[in-house]
Amino acid sequence: RNSADCACGRVNSKVGCVEAVEYWFKVLSETGFKTDVFKYSHLIDVYAKEKLVFKAEKAMKDMKRSGVRPNVVIYTSLFQMYSAFDDPAGIHRTSRAMEKSGERPNVVLYNVLLSALVERNAKVDVDRIVRRMEELGLRPNTFTLELLSALYKICDDSEKGAEMLALKKA
């Protein structure tokens, strides 16, 4: 992290400069700029990347309290954060909140969750995940197919794993 990024006020989530993001969020809020989903999205994404669970959860509550509806990008940031902490309760809470809000998952969110399962060598019902994606009308991208293939192999179904890789090549 480059401390100059914070000193000059440049906001860059790749740098993860929490202080700069908080500063600009506060300045924009205090000067009458509407705190919309995009500002909250950036704030929550930085908190999530820095694994600041309490701050991310507080920002989510503040956002909802202010009448701003979270989008799939915000939910994806939270899923990444909870996955990094191996916090299934956090993932479950976020999943329920997302479902309750009516926000639909996208393939990127599925890739985050699938990646966390692969990292943990989790034995899961991969067919159920694939069916759910199909029900939602989500088309797996190349990365999704690689992750599904890896999960099938973890679950001792190399044949289906090979099928996923074949789809990737098609």
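Hydrogens, waters and symmetry mates play no part in the numbers below; they use all other heavy atoms, side chains included. Since the model is a prediction, treat every value here as computed from it, not as a measurement.
- Taken to the nearest 0.5 Å, the CG atom of L167 stands 12.5 Å off from the CD atom of E146.
- Looking only at side-chain heavy atoms (C-beta outward), D127 and K160 come within less than 4.5 Å of each other.
- Side-chain contacts under 4.5 Å among hydrophobic residues (ILVMFWY), followed directly or transitively, place F33 together with L28.
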Given the rule in the ring-ring contact (aromatic ring centres under 6.0 Å, His included) test, do Y40 and F25 qualify, once you have shown the distances and angles that lead to the verdict? CA-CA 8 Å; Y40 275 109; F25 189 84; 5.0 Å; yes
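- The side-chain heavy atoms of L145 and L165, taken from C-beta on, include no pair separated by under 4.5 Å.
- Once rounded to the nearest 0.5 Å, the distance linking CG of D62 with CD of E57 reads 12.0 Å.
- R104 is linked by a side chain to side chain donor-acceptor pair (under 3.5 Å) to nothing, counting only residues two or more places apart in sequence or in another chain.
- Counting only heavy atoms from C-beta outward, the side chains of N106 and L109 approach each other to under 4.5 Å.
- Contact record, A84 with K51: CB-CE, 3.6 Å, taken as the closest heavy-atom pair.
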Going through the distances and angles, do V118 and L151 end up as a side-chain contact (heavy atoms from CB on, under 4.5 Å)? CA-CA 6 Å; V118 169; L151 276 175; 3.7 Å; yes
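- The shortest distance between side-chain heavy atoms of Y82 and R93 falls below 4.5 Å.
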Is there a side-chain contact (heavy atoms from CB on, under 4.5 Å) between K39 and L43 once you walk through the steps? CA-CA 6 Å; K39 290 179 191 78; L43 182 67; over 6 Å; no
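- At distances below 3.5 Å, at least one donor-acceptor pair connects side-chain atoms of K123 with backbone N or O atoms of I154.
- Contact between A97 and K64 at its shortest, heavy atoms only, is CB-NZ, 4.1 Å.
- Between the side chain of S115 and the backbone N or O of V112 there is no donor-acceptor pair closer than 3.5 Å.
- The pair K55-E22 meets the salt-bridge criterion, with a side-chain N (NZ, NE, NH1 or NH2) lying under 4.0 Å from an Asp/Glu carboxylate O.
- Within a 6.0 Å radius of CZ in R96, more than 12 heavy atoms belonging to other residues, nucleotides or ligands are found.
- By the 4.5 Å heavy-atom criterion applied to side chains, M81 and V53 are counted as neighbours.
- Salt bridge status for D45 with K49: present, with a side-chain N to carboxylate O gap under 4.0 Å.
- No chain of hydrophobic side-chain contacts below 4.5 Å, direct or via other Ile, Leu, Val, Met, Phe, Trp or Tyr residues, connects V108 to V46.
- Under the 4.5 Å side-chain heavy-atom criterion for Ile, Leu, Val, Met, Phe, Trp and Tyr, L78 and F85 are members of the same hydrophobic cluster.
- In this structure, N71 contributes its side chain and I74 its backbone to a donor-acceptor pair below 3.5 Å.
- Put simply, CG on L148 and SG on C155 are 10.5 Å apart, with the number rounded to the nearest 0.5 Å.
- Taking CD1 of I91 as the start and OG of S83 as the end, the distance is 3.5 Å to the nearest 0.5 Å.
- In this structure, E135 pairs ionically with R132, as a charged nitrogen and a carboxylate oxygen lie closer than 4.0 Å.
- For the pair I129 and Y110, the minimum side-chain heavy-atom distance is below 4.5 Å.
- Residues Y47 and F38 share a hydrophobic cluster, clusters being chains of Ile/Leu/Val/Met/Phe/Trp/Tyr side chains in contact below 4.5 Å.
- In terms of heavy atoms, Y75 sits closest to P70 at OH-CG, 3.4 Å.
- Counting heavy atoms from C-beta on, the side chains of V126 and D157 never come closer than 4.5 Å.
- Atom CD in E119 sits 9.5 Å away from atom CG in L147 (nearest 0.5 Å).
- Looking at T144, its side chain does come within 3.5 Å of a backbone N or O of N141 through a donor-acceptor pair.
- In this structure, G161 and Y152 approach most closely via the heavy-atom pair N-CB, 3.5 Å.
- V37 and F79 fall within the same hydrophobic cluster, defined by Ile, Leu, Val, Met, Phe, Trp and Tyr side-chain heavy atoms under 4.5 Å apart, directly or through other members.
- Among all heavy-atom pairs drawn from V107 and P140, the shortest one is CG2-CA, 4.1 Å.
- Considering all non-hydrogen atoms of both residues, I44 and A56 come closest at CG1-O, 4.2 Å.
- Contact of the W24 side chain with the H42 side chain is not registered, since no non-hydrogen atoms from C-beta on lie closer than 4.5 Å.
- Between the T76 side chain and the V72 main chain, a donor and an acceptor come within less than 3.5 Å of each other.
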